[in-house]
Protein chains: 2
Amino acid sequence: MNKDSLIQFIQKILPMNPSRAAQVVEKFKPMKIEKNSYVLKAGTVCNESHFIETGIIRSYTYDLDGNEVTTAFYPTNTYSSDLLSFFKRTPAKEYIQAITDCETWYITYEDMQASFHAIPEFREFGRLNIVNQYSILKERMLSNLQETAEKRYNDLIHSHPEILQQVPLKYIASYLGIADTSLSRIRKETVKK
Amino acid sequence: MNKDSLIQFIQKILPMNPSRAAQVVEKFKPMKIEKNSYVLKAGTVCNESHFIETGIIRSYTYDLDGNEVTTAFYPTNTYSSDLLSFFKRTPAKEYIQAITDCETWYITYEDMQASFHAIPEFREFGRLNIVNQYSILKERMLSNLQETAEKRYNDLIHSHPEILQQVPLKYIASYLGIADTSLSRIRKETVKK
DNA sequence: ACGTGCACTTGACATAGGACAGGAAATGGA
DNA sequence: TCCATTTCCTGTCCTATGTCAAGTGCACGT
């Protein structure tokens, strides 16, 4: 396991010369995470930020009635952490859990701050990365308003077919904001068409 | 009208020495915005980022059924723009509209990029500002899941009483994700208590 | 290969919340 | 000042979704 895909991910967000990139990824360390185990638990402060080399991770929390609600999926080659808790140093309100066995590259808050300080390119990467995360969140908020659950389901499995393969439908349903029975009915309708 | 409150806002997010702060705010220009007029219309690219000196601004879009949905309120002393459109240079999906007469300090995308390049402190301010915006969005998403409309209504008017004074209830209702008739019923219940 | 437990589907039923419409009160323009 | 418009409240009705429960099929461990 080497850092190539992490370097590619960073280069895609902010192109830089290879030696700089090597410097940026220097503090990232490998981690193996077993299926169903936790990267972060609600109530604790998120202290690591993970780039997912293989596997799928999700974050979830509980709604008013105590139902589990999946707030995000993090497939392979994405960046996963509770940014709110990580940067604000406040207790997380979400759980982050591996859906499959995962391998990640992670960096601690302290190392990230040090690297922010030492490497201007890392700072700029950090800024662009947050803009991206903000965009994803905002797009999701808007699509929740502006698209039907059916369209959002189709968009999701189109853009990330691996999620459909590896994630229980109940997680997908709660991510879409509907009951698993409703998703079941949507799938039934979709097959008809 | 001087830039004191803008400088205070910036100093609060990232303290810096006064001459630096002066440099940071240099490119901000004043604008007066009439009640009900638009700062940004959906379909166009957001090219200005506003700090609100006086007045209240809101952003809104339309849901599936064509209903107006208020996506955010920007009271006095906050920072308002469609960050998604502004940074990604994509057409906005939202309208940004003055609820009252407003005075703002704004900076264009080009000037901001130039200042990002020239002033390291501005870059860092930009990064912290996005973290804040991300946090606000995420907190809002979570409170939509985890709190009743009644609690969210009370939280809103507690933290920003001026909104209740100056904003039509129907905007507040759509911001809370409920019909204006439902908000009316909530208010009725609240009075009883 | 047997049993236990998930994952998923489906039907019957209940209900929270929205749509709609009517009316009172407040606001604003001429 | 008066009329038009908008805001807000409230009653009735209705429907989209969720809840619950039952049943099938599959995967996994022993």
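Reminder, nothing fancy here: chain letters follow the sequence lines and each chain counts from 1. The structure presented is a predicted model; accordingly, all values stated were derived computationally and were not measured.
Not counting sequence neighbours, the partners of A/Glu124 by the side chain to side chain donor-acceptor pair (under 3.5 Å) test are A/Arg127. Among residues two or more places apart in sequence or in another chain, the ring-ring contact (aromatic ring centres under 6.0 Å, His included) test is passed with B/Tyr109 by B/Phe86. Residues meeting the side chain to side chain donor-acceptor pair (under 3.5 Å) test with B/Ser174, sequence neighbours left out: B/Thr70.
Across the protein-nucleic acid pair, B/Ile186 atom CD1 and C/dG17 atom C1' stand 10 Å apart, rounded to whole Å. Rounded to a whole Å, the CD atom of A/Glu150 is 14 Å from the P atom of D/dA16. Between B/Leu64 atom CG and C/dA19 atom P there is a gap of 12 Å when expressed in whole angstrom units. Nucleotide C/dA7 holds its C1' atom 14 Å from the CG atom of A/Asn36, rounded to whole Å. When the C1' atom of D/dT7 is taken as reference, atom CD of B/Gln165 falls 15 Å away, rounded to whole Å. If you take NZ of A/Lys170 and P of C/dC8, they are 8 Å apart, rounded to a whole angstrom. Distance, A/Tyr153 OH to D/dT17 P: 17 Å, rounded to whole Å. Rounded to an integer number of Å, the gap from CD1 of B/Ile172 to P of D/dC8 is 8 Å.
Grouped with B/Val69 in one hydrophobic cluster are A/Leu145, the linkage being side-chain heavy-atom contacts under 4.5 Å among Ile, Leu, Val, Met, Phe, Trp and Tyr residues. Hydrophobic side-chain contacts under 4.5 Å tie B/Tyr62 into a cluster, directly or through other members, with B/Tyr38, B/Tyr60, B/Tyr95. Think of A/Leu64 as one node in a network of Ile, Leu, Val, Met, Phe, Trp and Tyr side chains linked at under 4.5 Å; it has no links at all. Taking Ile, Leu, Val, Met, Phe, Trp and Tyr as hydrophobic and joining them when side-chain heavy atoms fall under 4.5 Å apart, one finds A/Tyr74 in a cluster with A/Met31, A/Ile33, A/Val39, A/Leu40, A/Ile52, A/Ile57, A/Ile96, A/Tyr106.
Between A/Asn67 and B/Leu183, it is B/Leu183 whose nearest contact on DNA chain D lies nearer the 5' terminus. With the nearest nucleotide of DNA chain D identified for both B/Ser182 and B/Tyr171, B/Tyr171 has the one nearer the 5' end.
Note on the helix from C/dA1-D/dT30 to C/dA30-D/dT1: angle between the axes of the first and last five pairs equals 50°, rounded to 10 degrees.
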Could you check B/Phe116 against B/Phe122 for ring pair (Phe, Tyr, Trp, His ring centres under 6.0 Å), going step by step and ending with a plain yes or no?
-> CA-CA 6 Å; B/Phe116 271 176; B/Phe122 199 178; 5.3 Å; yes

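Residue contacts shown for B/Ser184 include a base, since a base heavy atom lies under 4.0 Å away. Residue contacts for A/Ile178: at a heavy-atom cut-off of 4.0 Å it reaches the sugar-phosphate backbone alone, with no base atom in range.
Using a cut-off of 4.0 Å between Lys/Arg side-chain N and Asp/Glu carboxylate O, A/Glu147 and A/Arg140 are scored as not salt-bridged.
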Just by protein heavy atoms under 4.0 Å, how would nucleotides 20-30 of chain C read 5' to 3' in B, S and -?
-> B----------

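Closest contact between the side chain of B/Leu169 and the listed nucleotides C/dC8, D/dC9, D/dT17 involves D/dC9. Listed nucleotides: C/dG18, C/dT10, C/dC8. Nearest to the side chain of B/Ala179: C/dG18.
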